[in-house]
**Q** 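Sharing a structure here in structure tokens format.
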Amino acid sequence: MMPSPTVRTLTPDEITELVSWAGNEGWNPGPGDAKAFAAADPDGFIGCFVNGTFVAGISAVRYGTDFGFIGLYICRPEHRGKGYGRLVWDAGMAALAGRTIGLDGVPQQQANYASMGFVPAYETVRWSGKPGSIALSGQTQTVANAKLRNDIVAFDRSYFPGPRTSFLNVWLERPHRARAVLRQEKLAGYGVLRKCLDGYKLGPLFAQDVEAATALFNDLSHDCGGDAIHIDVPGPQVEFARHLRQLGFSAGFTTGRMYRGPVPDLDMSGVFGISTLELG
């Protein structure tokens, strides 16, 4: 007789374990990701347990009252094909009922998501490379005071589908490297670089124009110590992608941002790098 599975909210230690599974899957998380992810929505992580063993998990993170994001959908390899993944999927979708739901789907799963009501919004391309010697722009500054952090929280709302103050309060902390562009004392863009299992990831990278985005990318690249940088760039950002190619970066795998429900009204012209594939 098959043991009866239990589905419940994850503890902080179990969230950390789920993020470690993402590393085993080659998703390249950062060592501080679990802390920031949990800050976004402490109750937004769900697991399936069989005889007390954690076998499958998912994130179903709520932002504000109208938006949620599905990610970190993983079943342990030795427990696949037993329906445990579907249990956490159903629990995650139920937790986000009544909201627009976003996810970043790999190409081979997009038809499956479409059958469940998700609609493609745009393609994201993973660009990777070692930046080499890039001149500092002189246009950016470190995020080092509370006023600038508060300005970033407000600025972020034009480019992300929901409020995420708690997440950003952690995401902007050291050892992450956060820089901003100010023009006439007004915020024109910001970016965050973090160490991951393989090199660094840069995200989000939100800016009013490609000049600000390029300045942020160039200056943040000086904090990677010559290691590789990975950034997930929306397909329409052709000019910024051209800049990356000129620096020797290569386009890798793609994902598709998909939504179920009303598509968020965002200024996508300013999204040069998404924050994370796991939380949007």
Side-chain angles (χ1 to χ4, degrees), residues 6-49 52-76 84-85 87-97 99-104 143 146 149-150 152-153 156-157 159-178 190-197 200-204 206 230 232 273-280:
T6 300
V7 176
R8 62 166 173 81
T9 302
L10 298 181
T11 66
D13 285 345
E14 290 161 351
I15 296 172
T16 298
E17 183 177 354
L18 179 59
V19 173
S20 76
W21 293 0
N24 296 336
E25 295 291 325
W27 296 2
N28 196 28
D33 284 6
K35 178 183 177 182
F37 290 178
D41 180 0
D43 297 323
F45 300 82
I46 298 168
C48 178
F49 295 80
T53 298
F54 185 15
V55 299
I58 198 168
S59 58
V61 170
R62 296 162 293 187
Y63 296 101
T65 59
D66 302 321
F67 182 67
F69 201 86
I70 289 284
L72 287 172
Y73 180 33
I74 307 172
C75 185
R76 295 294 298 270
Y84 302 141
L87 288 175
V88 294
W89 172 269
D90 289 345
M93 294 297 289
L96 300 180
R99 300 167 179 262
T100 289
I101 303 174
L103 58 78
D104 287 312
V143 177
R149 285 174 178 246
N150 290 337
I152 285 173
V153 169
D156 190 77
R157 288 295 285 113
Y159 308 103
F160 189 81
R164 50 177 183 167
T165 303
S166 297
F167 169 80
L168 288 172
N169 284 341
V170 178
W171 204 246
L172 295 169
E173 288 179 349
R174 301 286 293 183
H176 291 188
R177 281 80 158 176
Y190 85 98
V192 180
L193 183 78
R194 76 189 197 279
K195 187 75 177 76
C196 292
L197 296 178
Y200 289 78
K201 285 183 181 176
L202 203 166
F206 297 161
H230 311 281
D232 297 303
I274 68 168
S275 305
T276 77
L277 295 177
E278 295 85 7
L279 263 66

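Fair warning: this is a prediction, and the values are worked out from it, not measured in the lab.
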**Q** How about Asp90 and Val7: do any of their side-chain heavy atoms sit closer than 4.5 Å?
**A**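 No; the side chains remain at least 4.5 Å from each other.
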
**Q** Quick check: closest heavy atoms across Leu96 and Val61, and the distance to 0.1 Å?
**A**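 Shortest heavy-atom separation between Leu96 and Val61 comes out as CD2-O, 4.0 Å.
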
**Q** Between the side chain of Asp41 and the main-chain N/O of Arg62, is any donor-acceptor distance below 3.5 Å?
**A**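 Answer holds: yes.
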
**Q** Just verifying a value: how many Å separate Arg157 CZ and Phe206 CZ, rounded to the nearest 0.5 Å?
**A**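 Going from the CZ atom of Arg157 to the CZ atom of Phe206 covers 11.0 Å.
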
**Q** Show the nearest heavy-atom pair for residues Ile15 and Pro42, with the distance to one decimal.
**A**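 Smallest interatomic distance, heavy atoms only, reads CD1-O, 4.3 Å.
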
**Q** Could you measure the distance from the CG atom of Leu277 to the CG atom of Leu103? Nearest 0.5 Å is fine.
**A**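 Answer rounded to 0.5 Å: 11.0 Å.
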
**Q** After noting the C-alpha distance and the side-chain angles of Val143 and Arg149, does the key distance pass the side-chain contact (heavy atoms from CB on, under 4.5 Å) rule?
**A** CA-CA 7 Å; Val143 177; Arg149 285 174 178 246; 3.7 Å; yes

**Q** Classify the side-chain pair Thr53/Arg76 by whether it contains a donor and acceptor separated by less than 3.5 Å.
**A**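 There is no such pair (donor and acceptor under 3.5 Å, judged by atom type) between the side chains of Thr53 and Arg76.
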
**Q** Just so I know, are the side chains of Phe69 and Pro161 near enough to count as touching, which here means a heavy-atom distance under 4.5 Å?
**A**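 Phe69 vs Pro161: side chains apart.
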
**Q** I need the Arg164 CZ to Asp156 CG distance, nearest 0.5 Å.
**A**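 Rounded to the nearest 0.5 Å, the CZ-CG separation comes to 4.0 Å.
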
**Q** Would a distance-only check, ignoring hydrogens and angles, find a side-chain to backbone donor-acceptor pair under 3.5 Å from Arg174 to Arg177?
**A**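 A pair under 3.5 Å: no.
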
**Q** If you define the side chain from C-beta out and look only at heavy atoms, does anything of Phe37 sit under 4.5 Å from Leu18?
**A**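 A side-chain contact under 4.5 Å is absent here.
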
**Q** Calculate, to the nearest 0.5 Å, the distance between atoms CG and OG1 belonging to Asp104 and Thr276 respectively.
**A**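 If I round to the nearest 0.5 Å, the distance is 8.0 Å.
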
**Q** Given Trp171 and Ile152, is the side-chain contact (heavy atoms from CB on, under 4.5 Å) satisfied, shown in steps?
**A** CA-CA 11 Å; Trp171 204 246; Ile152 285 173; over 6 Å; no

**Q** Please report the interatomic distance CG(Leu193) to NE2(His176), rounded to the nearest 0.5 Å.
**A**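 The NE2 atom of His176 is 9.0 Å from CG of Leu193, to the nearest 0.5 Å.
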
**Q** Tell me which one of Trp27, Trp21, Trp89 satisfies ring pair (Phe, Tyr, Trp, His ring centres under 6.0 Å) with Tyr73.
**A**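 Option passing the ring pair (Phe, Tyr, Trp, His ring centres under 6.0 Å) with Tyr73: Trp89.
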
**Q** Applying side-chain contact (heavy atoms from CB on, under 4.5 Å) to Asp66 and Thr100, what does each step give before you reach the verdict?
**A** CA-CA 6 Å; Asp66 302 321; Thr100 289; over 6 Å; no

**Q** Indicate the atoms forming the closest heavy-atom contact of Gly23 with Leu197, along with that distance.
**A**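 Shortest heavy-atom separation between Gly23 and Leu197 comes out as CA-CD1, 3.8 Å.
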
**Q** For Gly280 and Ser275, which heavy atoms make the closest approach, and how far apart are they?
**A**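 Heavy-atom minimum between the residues: O-CB, 3.2 Å.
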
**Q** Given Phe45, which of Thr9, Leu72, Val88 fulfils the side chain to side chain contact (heavy atoms under 4.5 Å, CB included) condition?
**A**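 Between Phe45 and the candidates, side chain to side chain contact (heavy atoms under 4.5 Å, CB included) is satisfied uniquely by Leu72.
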
**Q** Spell out, as yes or no, whether a donor-acceptor pair under 3.5 Å connects the side chain of Lys195 to the backbone of Pro175.
**A**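 Flag not set: sc Lys195 to bb Pro175 has no pair under 3.5 Å.
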
**Q** What's the verdict on ring-ring contact (aromatic ring centres under 6.0 Å, His included) for Phe167 and Tyr63, showing C-alpha distance, side-chain angles and the deciding distance?
**A** CA-CA 10 Å; Phe167 169 80; Tyr63 296 101; 7.4 Å; no

**Q** Determine the minimum heavy-atom distance between Gly92 and Ile58, stating which atoms define it.
**A**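 Closest approach of Gly92 to Ile58: CA-CG2, 4.5 Å.
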
**Q** Side chains of Arg194 and Asp33: closer than 4.5 Å at any heavy-atom pair?
**A**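 Arg194 reaches Asp33 side chain to side chain.
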
**Q** Do you know which two heavy atoms are closest between Ile101 and Phe67, and how far apart they sit?
**A**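 Between these two residues, the closest heavy atoms are C-CE1, 4.4 Å.
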
